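Working notes for the structure below.
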Amino acid sequence: MEQGRKYLGVVAHYAPDGRLTPRSIEWEDGRLYRIDRVLDARPMRSLKAQGTGTRYAVVIGRTRAYLYSEDSRWWLERM
């Protein structure tokens with residue numbers, strides 16, 4: 001595992017226009033968490049985990065987090 005990253009399973013929706021929207025994440029112990037809102041999505045470099053990909057600012061319950069998609073893998077930035 002690369003420093004600062006935990007890779008996760010993600011259920012995502014692909015729209016006909018090509019947009020990708022993450023819907024839920026699967027934690028390493030198998031628990032599923034629904035993504036309640038995607039606040040923003042943009043190409044972005046992670047300063048904490050040293051990677052570049054699409055950063056999704058998401059809300060899961062009452063928690064805001066950054067979910068990254070990079071090379072067909074997903075990870076959360078540790079805050």
Side-chain angles (χ1 to χ4, degrees):
M1 181 171 68
E2 296 174 41
Q3 183 178 1
R5 298 184 192 187
K6 271 190 194 271
Y7 291 102
L8 305 167
V10 171
V11 174
H13 176 260
Y14 286 88
D17 65 4
R19 281 180 297 127
L20 174 64
T21 305
R23 300 286 190 188
S24 64
I25 62 170
E26 181 181 0
W27 206 246
E28 54 196 0
D29 64 2
R31 288 181 290 169
L32 291 174
Y33 294 92
R34 184 172 63 101
I35 295 171
D36 297 307
R37 265 179 84 195
V38 176
L39 303 171
D40 184 50
R42 66 179 69 193
M44 184 76 66
R45 179 171 177 79
S46 169
L47 299 176
K48 294 182 180 181
Q50 302 302 315
T52 302
T54 301
R55 183 184 81 177
Y56 295 85
V58 298
V59 177
I60 301 169
R62 294 193 302 195
T63 302
R64 291 182 183 209
Y66 292 127
L67 178 65
Y68 282 83
S69 171
E70 179 181 37
D71 298 327
S72 300
R73 297 196 305 174
W74 294 85
W75 51 279
L76 281 173
E77 184 173 76
R78 292 186 177 226
M79 296 183 179

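Excluded from the calculations below are hydrogen atoms, water molecules and symmetry mates; all remaining heavy atoms, backbone and side chain alike, are included. Just so it is clear, the structure is predicted and the values come from calculations on it, not from any experiment. Residue indices begin at 1 and follow the sequence shown.
Residues E28 and L8 come closest through the heavy atom pair N-CD2, 4.3 Å. Residues M44 and Y68 come closest through the heavy atom pair O-CE2, 3.7 Å. The two residues V38 and P22 have their closest heavy-atom pair at CG2-O, 4.0 Å. Contact detail for R34 and S24: the closest heavy-atom pair is CA-CB, 4.0 Å.
Rounding to the nearest 0.5 Å places CD1 of I25 at 7.0 Å from CG of L67. The structure places CG of L76 at 12.5 Å from OH of Y66, a figure rounded to the nearest 0.5 Å. How far CD of E26 is from CG of L32: 5.5 Å, rounded to the nearest 0.5 Å.
Between W74 and Y56, the ring planes lie tilted relative to each other; the angle falls in the 30° to 60° range.
Put simply, the residue from L39, I35, T21 that forms a side-chain contact (heavy atoms from CB on, under 4.5 Å) with V58 is I35.
D71 pairs by the side chain to side chain contact (heavy atoms under 4.5 Å, CB included) definition with nothing, not counting sequence neighbours. Shown here are the side chain to side chain contact (heavy atoms under 4.5 Å, CB included) partners of R62, two or more places apart in sequence or in another chain: there are none.
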Quick one: side chains of residues 9-18, donor-acceptor pairs under 3.5 Å with protein atoms, not counting sequence neighbours, listed by atom name and distance.
unit_1 : atom_1 : unit_2 : atom_2 : d
D17    : OD1    : R19    : N      : 3.0
D17    : OD1    : R19    : NE     : 3.3
D17    : OD2    : R19    : NE     : 2.8
D17    : OD2    : R19    : NH2    : 3.4

